[in-house]
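Worksheet: one structure, shown below.
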Amino acid sequence: MELVTDRLDGILVAQGWHRVDGTNAHEFEKLLRDSMADGDLGVVIDCGGMSYISSAGLRAILLTAKTLRNRRMGFALCELAEPIREVFEISGFDKIIAIHRSRAAALAAVRP
């Protein structure tokens, strides 16, 4: 599966993965990292099409968040389906990573 990316006002927006689990989490993280450019101000992952995320997927997102924090770049997730949102809440990741209902809200939060 490919990672679909776009840039909106200097923010990298990534989407397109339906499942992020132990079989593809490393690839997901690498594709996301490789999509980042030096001029990017932040990253938004649109999870609208995501139907499943495992602990390996959570780890990939957490490592991405840590990398971006070290680069002083904004990071947010958006459009999480209720089951995916519950995984983030149960794991406590919603306290570490900004989650927004809409892409517009996530973009607004990530902009410096």
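Positions are given from 1, in the same order as the sequence printed here. Here the structure is a predicted model, which means the values were calculated and not measured. Note that these values count all heavy atoms, side chains included, but never hydrogens, waters or copies made by symmetry.
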Does atom CZ (R59) have a neighbourhood of more than 12 heavy atoms from anything else shown, all under 6.0 Å?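 Atom CZ in R59 is not packed in, count stays at 12 or less.
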
More than 12 heavy atoms from other groups under 6.0 Å of CZ on R101: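 At most 12 heavy atoms, drawn from other residues, nucleotides or ligands, come within 6.0 Å of this atom.
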
Test log, rule side-chain contact (heavy atoms from CB on, under 4.5 Å), inputs L41 and R111: CA-CA 7 Å; L41 303 173; R111 281 191 187 98; over 6 Å; no

Interatomic distance, [X] atom [atom1] to [Y] atom [atom2] [nearest 0.5 angstrom]:
X   : Y   : atom1 : atom2 : answer
S91 : I97 : OG    : CD1   : 8.0 Å
I99 : D94 : CD1   : CG    : 5.5 Å
N24 : L31 : CG    : CG    : 9.5 Å
S35 : D40 : OG    : CG    : 9.0 Å
I61 : I96 : CD1   : CD1   : 12.0 Å
R7  : L12 : CZ    : CG    : 5.0 Å

Considering non-hydrogen atoms only, spot the tightest contact between [X] and [Y] and give its length.
X    : Y    : value
A25  : V20  : CA-CG1, 4.0 Å
A106 : H100 : CA-CD2, 3.6 Å
I45  : L32  : CD1-CD2, 3.5 Å
A14  : L3   : CB-CD1, 4.0 Å

Let's go through L58 and I53 carefully: what are the C-alpha distance in whole Å and the side-chain angles of both, what is the deciding distance for side-chain contact (heavy atoms from CB on, under 4.5 Å) to 0.1 Å, and is it a yes or a no? CA-CA 7 Å; L58 290 173; I53 189 164; 4.2 Å; yes

Can you find a heavy atom in the side chain of [X] that is under 4.5 Å from one in the side chain of [Y]?
X   : Y   : value
R19 : F28 : no
R33 : T64 : no
V13 : T5  : no

Candidate pair F93 and V87, rule side-chain contact (heavy atoms from CB on, under 4.5 Å), full reasoning: CA-CA 8 Å; F93 277 49; V87 170; over 6 Å; no

Keeping the roles fixed (side chain from D21, backbone from T23), state whether a donor-acceptor pair exists under 3.5 Å.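 Between the backbone of T23 and the side chain of D21 there is a qualifying donor-acceptor contact (under 3.5 Å).
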
If we ignore hydrogens and angles and just use 3.5 Å, is the side chain of S51 paired with the main-chain N or O of H18 as donor and acceptor?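 Yes, the answer is positive, given that a donor and an acceptor are paired below the 3.5 Å cut-off.
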
What side-chain donor-acceptor pairs closer than 3.5 Å can you find for residues 66-84, not counting sequence neighbours?
from	atom 1	to	atom 2	distance (Å)
T67	OG1	L63	O	3.0
N70	ND2	K66	O	3.4
E79	OE2	R103	N	3.4

